[in-house]
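The structure appears below as structure tokens.
A note on names: the letters A, B, ... follow the listed sequences, proteins ahead of strands, and every chain is numbered from 1. Hydrogens, waters and symmetry mates play no part in the numbers below; they use all other heavy atoms, side chains included.
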There are 2 protein chains.
Amino acid sequence: MTAESRPVPTVRSTREVIIEAALRGFGEKGFAATSVREIAAAAGTNIASISYHFGGKEGLRDACAEHIVRLMGDALAAARPGEPLPPDPLAAAETLAGLVRSLVRFLLLEPQGPLVAGFMLREMAHPSSALDTIYEGLFDGVHRTACAVWATATGRPAESEAVRLAVFAVIGQILYFRIAAPVVERRMGWPGIGPAEAEAIAGTVLRNLTLRLDADRRDVP
Amino acid sequence: MTAESRPVPTVRSTREVIIEAALRGFGEKGFAATSVREIAAAAGTNIASISYHFGGKEGLRDACAEHIVRLMGDALAAARPGEPLPPDPLAAAETLAGLVRSLVRFLLLEPQGPLVAGFMLREMAHPSSALDTIYEGLFDGVHRTACAVWATATGRPAESEAVRLAVFAVIGQILYFRIAAPVVERRMGWPGIGPAEAEAIAGTVLRNLTLRLDADRRDVP
DNA sequence: CCGATTCAATCAAACGTTTGATTGCATCAT
DNA sequence: ATGATGCAATCAAACGTTTGATTGAATCGG
């Protein structure tokens, strides 16, 4: 037996395992509907571990928020524009399209996508301190960047009301397709959301985006 | 296993008061986070009334779903096209715009809007029998009608994948603006969502809709 | 050995539901 | 008319269960 070195990635700390189990519970069923006993059992540890590591159930929720910021930040990192921002409208439009594609891929195809979306939407509907973490650590930055790129793509002021709302509308479409997946699948006759279905959804969102960018660029500001 | 019968329509029945109190709780904080004691207290009645009238907490959730179907059905009734459907692309586009305006008004301006949106989104994220009620009693019909009108507006087949997804995308934008209101308000610097803010949101959604309809009509099918 | 973790056991509080009694009306037979 | 009967509705109280949190001992790794 060749002695392989300790598979570090496989050895996850109890902390990590608990966070992942918690995100699964919170994302699928919600914070109140998921008990610490469930989480501890799913993580293969004792319920006291949660108080020990996170100070309580609420602390665990905050840790989940930080975990989400890390997860989604990584998922979007490749698609986020570096400095300087894309110089011309065409490059800017393509950058935005890349962001949309990354977001669709993460939310609709990654196994953690629905959990992250569920957690975030529930936080938005009933904010706690975890929402601040997500907003300040992720959402605000992504939205501001997208607005700046949108400005290059259309020639409109990045922080204008119309641009900020237009970016929200794009994000909203994607998040909605994930959250409302049960209804979408039912109406579409889909057995679930796989690569083909995600492609179709991305197609609709991207078409809406492209049409809006072109029109905003053409019309008089 | 009891209480499928209707206990007589009085002027201000306890039943009604309980349903409204429950929708407030479920819509704001979620099903699990809202106790029957809270609901009973808010409705000014005894906790046993809930088991008596609805057979339990889950029965009350189903009753809330029926209530929502009624509420939203009424809100959309005026904007839904009669028979025959609008004959030409322009009239059809205007019908869709009217539906969007009605939905925005209801979800963003009516006091029950956020509650209904919260309830529906939570059901979509974690379906129960209440989702079936909403889907079959409201969503399916509205979506099919919108697809048919979209077909007239663009000349594309009503039940094609692209049309169905496009209609979902429009609905998604509106629902998202309501659900994510705390985040939207924060980023927009809004103190809340009143008529002026709703108008701005409707403007963005309607612009996306109009651009998509025009393009779909012009492009080769 | 010792600090860092994990554990079984336990706690008070809150949970949804059930119970038995009571009320206010109708609908009776007389 | 009247007292008796049935029924829908509401109530306070208690049910057994589950909740999040805490304790002190056991275990582990360096």
Side-chain angles (χ1 to χ4, degrees), chain A residues 3 5-8 10-65 119 122-123 126 128-130, chain B residues 1-65 119 122-123 126 128-130:
Chain A
S5 67
R6 209 156 288 184
V8 178
T10 8
V11 170
R12 295 168 305 166
S13 65
T14 303
R15 229 189 103 94
E16 277 176 80
V17 178
I18 291 176
I19 288 179
E20 283 166 20
L23 180 56
R24 178 154 28 247
F26 296 162
E28 276 180 5
K29 317 190 311 177
F31 181 75
T34 309
S35 70
V36 294
R37 281 177 171 81
E38 253 181 277
I39 296 170
T45 184
N46 193 270
I47 54 170
S49 305
I50 285 158
S51 284
Y52 177 77
H53 282 287
F54 307 97
K57 195 185 183 186
E58 302 218 346
L60 178 52
R61 170 168 55 189
D62 290 335
C64 281
F119 187 96
R122 285 172 208 273
E123 279 298 317
H126 196 62
S128 77
S129 60
Chain B
M1 326 185 176
T2 56
E4 186 63 29
S5 60
R6 53 195 63 174
V8 176
T10 38
V11 275
R12 197 62 173 181
S13 68
T14 303
R15 227 188 113 92
E16 242 178 294
V17 179
I18 292 177
I19 289 179
E20 284 167 18
L23 180 56
R24 184 161 318 120
F26 295 162
E28 276 179 7
K29 316 189 312 176
F31 180 75
T34 307
S35 70
V36 295
R37 284 176 169 80
E38 254 181 276
I39 296 170
T45 183
N46 192 270
I47 53 171
S49 305
I50 284 157
S51 283
Y52 176 78
H53 282 288
F54 307 97
K57 196 185 182 185
E58 302 217 346
L60 178 52
R61 170 168 56 190
D62 291 335
C64 282
F119 187 96
R122 287 174 207 271
E123 278 298 316
H126 195 61
S128 77
S129 60

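The nearest pair of heavy atoms linking A65(A) to A130(A) is CB-O, 3.6 Å. In this structure, R122(B) and F26(B) approach most closely via the heavy-atom pair NE-O, 3.6 Å. K57(A) approaches T34(A) most closely through the heavy-atom pair NZ-O, 2.8 Å. Scanning both residues, L60(A) and I39(A), for their nearest heavy atoms gives CD2-CD1, 4.0 Å.
Between the side chains of S128(B) and E58(B), no donor-acceptor pair is found at a separation under 3.5 Å.
Taking side-chain N and O atoms only, T14(B) has no distance below 4.0 Å to OP1 or OP2 of dA9(D).
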Next item on the list: Evaluate side chain to side chain contact (heavy atoms under 4.5 Å, CB included) for R61(A) paired with F119(A), printing each intermediate quantity in order.
Entry: CA-CA 10 Å; R61(A) 170 168 55 189; F119(A) 187 96; 3.8 Å; yes

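Separating the OH atom of Y52(A) from the C1' atom of dA25(D) is a distance of 15 Å, rounded to the nearest angstrom. Distance, H53(B) NE2 to dA8(D) C1': 9 Å, rounded to whole Å. Following rounding to the nearest Å, R15(A) (CZ) and dT5(C) (P) show an atom-to-atom distance of 10 Å.
DNA chain C forms stems at C:1-30 with D:1-30, each a run of 3 or more consecutive Watson-Crick or G-U wobble pairs whose two key distances fall under 3.5 Å.
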Notebook entry, point to check: In B/S/- notation, 5' to 3', how is nucleotides 13-19 of chain C contacted by protein heavy atoms closer than 4.0 Å?
Noted result: --BBBBB

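The shortest side-chain heavy-atom distance between E38(B) and K29(B) falls under the 4.5 Å cut-off.
In terms of modelled atom types and a separation under 3.5 Å, the side chain of S51(A) and the main chain of A48(A) share no donor-acceptor contact.
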